[in-house]
Amino acid sequence: MNILILGSGGREHALAWAVKQNPKCDRLIVAPGNAGIAQLAECAAINPENATEVIEFANENAIDFVIIGPEAPLALGVSDALRDAGFLVFGPSQAAAQLEASKSFTKEICDAAKAPTAAYAHFKNKDAALAYVHEQGAPIVIKADGLAAGKGVVVAMELKDATDAIEDMFGGAFGGAGAEVVIEEFMDGEEASYFVLCDGKNLLPVGTAQDHKRVGDGDTGPNTGGMGAYSPAPILTDDIAQKTLDEIVQPTIDEMARRGTPYQGVLYVGLMIKDGQPRLVEYNARFGDPETQVLMLRLGAQALDVLLATAEGRLDTAKVNWADDHAITVVMAAKGYPGSYAKGSVISKLETLNSDSFNMCFHAGTIEKDGHICANGGRVLNVTARGSSLAEARARAYAAINQIDWADGFYRTDIGWRAL
Ligand code: AMP
Ligand code: GLY
């Protein structure tokens, strides 16, 4: 098969790494890709958000299967355009991707599916929103309704933070994404993520994970896109995982199908767990980044088989053979991230690292210049390892980090602390 993956981050590097090992994959192209991806696949300089460009490229290259990595092309309907043009695609339609693109949409689906989640109210008017938070009090959670690059959520511990957030959102701080606001009950508990493939009707879980959103050790400092992750997440016990499928995921999929907008792709189920009960925090319509890096290291080549089964509507007969293993990924970021940071510094000794089924350094934001790998983003490398225990995986990942020579980078030294 000729396979095209859309995206350019560590998530797409991990997907490419897994897909490439499957004998069904003849030719692998990632668009636009990055310097690490270029070591195992062809990279094509096309814009994954431009459906016309993607379709033209897919036709010219006789692509058999397209895997969409990030949310932006999904929210723009690139999957629909590709399907209309006759391509087999992994990733939800624009209508189904609203489970990520609109928080109020997800809340309506949860209501209809009776899925446990935070109580909420939806506002299109600032004064009504302000009156509601005054009535509810803090802590309370204010969310811009639309996609806001992960920045549209304010967990307000004080009333003043909540009213400031409402002023900001209706004041245009998130553009169109903040023109409508969802206000939620604050949920207490421990967070974990569950990744579930859905073919419109059937489900297949492909792993649990926990990430570390704060930039600093001990979960301190500002929020980031994620500084590291591990899988499995021990908090998501078999019992809680089953409850999640029965009470949240399957009813959601059934409701989406009932509405004529079946969900096909991976559902990233963000959960808050307390006293053995999972509640939905959010859905994403794509794999997590950096969670995919640990999931792919654990799945290996079988990832392609299950992604194909998803796109072809045959998840009822698909299965995953799990090893009794653990994986961890540690993000190396550019100094200054998530604030402003410099690009272009040289990273060396990457060629000394092991690259095998236990150790992979996925690239999130790199570029090749004059034969050197250089930093080209905030999150730059995802040093990932697998082992028979989380402690073993973690020791491997940090040993690899110690081999890398990058003066302008930093990383958290405590990834996995909660589970260890
Ligand atoms: P979201 O983009 O909806 O996932 O929100 C980002 C983060 O905000 C989540 O990962 C949680 O840590 C936190 N969060 C969101 N909603 C709630 C809630 N209702 N209660 C407590 N924390 C929340
Ligand atoms: N790691 C969080 C996300 O992918 O949204």
Side-chain angles (χ1 to χ4, degrees), residues 7 9-12 14-15 69-72 74-75 97 99-107 110 115-122 133 136 138-157 161-162 165 169 174 177-178 181-195 207-215 219 222-231 233 235 266-274 278-296 329-331 333 338 362 364 378-379 382 384 412 415 418:
R11 167 181 49 212
E12 288 75 26
L15 287 167
E71 64 274 22
L74 296 169
L99 283 178
E100 172 162 6
S102 166
K103 306 232 182 242
S104 59
F105 176 83
T106 298
K107 287 300 204 182
C110 285
T117 184
Y120 78 106
H122 175 204
V133 297
Q136 296 290 315
I140 195 158
V141 182
I142 317 294
K143 300 185 174 185
D145 193 30
L147 285 180
K151 299 190 178 80
V153 174
V154 175
V155 178
M157 301 314 286
D161 300 332
M169 287 181 196
F174 300 99
V181 163
V182 168
I183 302 182
E184 284 187 9
E185 163 200 2
F186 171 79
M187 294 188 286
D188 190 19
E190 189 172 340
E191 281 188 83
S193 317
Y194 201 14
F195 294 86
T208 63
Q210 238 172 345
D211 78 352
H212 297 63
K213 291 206 166 97
R214 302 298 192 100
V215 74
D219 289 334
N223 264 321
T224 68
M227 292 300 291
Y230 55 94
S231 172
I235 173 104
V266 62
L267 200 57
Y268 168 144
V269 186
L271 297 168
M272 189 69 80
I273 298 161
K274 194 173 181 210
R279 290 209 284 167
L280 184 74
V281 176
E282 63 161 349
Y283 283 131
N284 291 311
R286 46 151 180 101
F287 277 113
D289 192 347
E291 294 92 331
T292 309
Q293 288 77 319
V294 287
L295 298 182
M296 291 303 131
T329 188
V330 181
V331 172
F362 296 116
R379 290 189 296 173
N382 307 137
T384 312
R412 274 183 65 162
I415 301 303
R418 219 183 262 280

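In listed order, ligands and their atoms are each counted from 1. What you see below is based on every heavy atom in this structure, not just the backbone, and it leaves out hydrogens, waters and symmetry mates.
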When you measure from the heavy atoms of Arg286 to every atom of ligand 2, does any distance fall below 4.0 Å? yes
Check: Tyr120/Glu185 side-chain N/O donor and acceptor closer than 3.5 Å: no
Under 4.0 Å from any heavy atom of Gly288, which atoms of ligand 2 are there? 4 (O)
Does the side chain of Ile142 reach to within under 4.5 Å of the side chain of Val181, using non-hydrogen atoms? yes
With only distance considered, is Asp211 within less than 3.5 Å of ligand 2 through an N or O on each side? yes
Among Ile140, Thr117, Val141, which residue places a heavy atom closest to atom 17 (C) of ligand 1? Val141
When you measure from the side chain of Thr224 to the backbone N and O of Pro338, does any donor-acceptor pair fall under 3.5 Å? no
From Glu100, Met187, Met272, Lys143 - option closest to atom 16 (N) of ligand 1 by heavy atom: Lys143
Distance, nearest 0.5 Å, that separates CZ of Arg379 from CE of Met227: 8.5 Å
Donor-acceptor pair, distance only, cut-off 3.5 Å: does the side chain of Arg412 make one with the backbone of Arg214? yes
Under 3.5 Å between any N/O of Gly225 and any N/O of ligand 2: does that happen in this structure? yes
Can you spot which of Asp211, Asn382, Ile415 makes a side chain to side chain contact (heavy atoms under 4.5 Å, CB included) with Thr329? Asn382
Is it true that Gly226 lies under 4.0 Å from ligand 2, counting heavy atoms only? no
Near Glu185 (heavy-atom distance under 4.0 Å), the atoms of ligand 1 are 18 (C), 19 (N), 20 (N)
Ion pair check, Lys274 and Glu190, cut-off under 4.0 Å: no
Which of the numbered atoms in ligand 1 are under 4.0 angstrom from any heavy atom belonging to Phe186? 20 (N), 21 (C)
Atoms in ligand 2 with a heavy atom of Glu291 nearer than 4.0 Å: 1 (N), 2 (C), 4 (O)
For ligand 2, is Tyr268 a contact, meaning one of its heavy atoms is under 4.0 Å away? yes
Shortest non-hydrogen separation from Tyr268 to Arg286 and the atoms involved: CB-O, 3.3 Å
Under a 4.0 angstrom heavy-atom cut-off, which atoms of ligand 1 come close to Lys103? 1 (P), 2 (O), 3 (O)
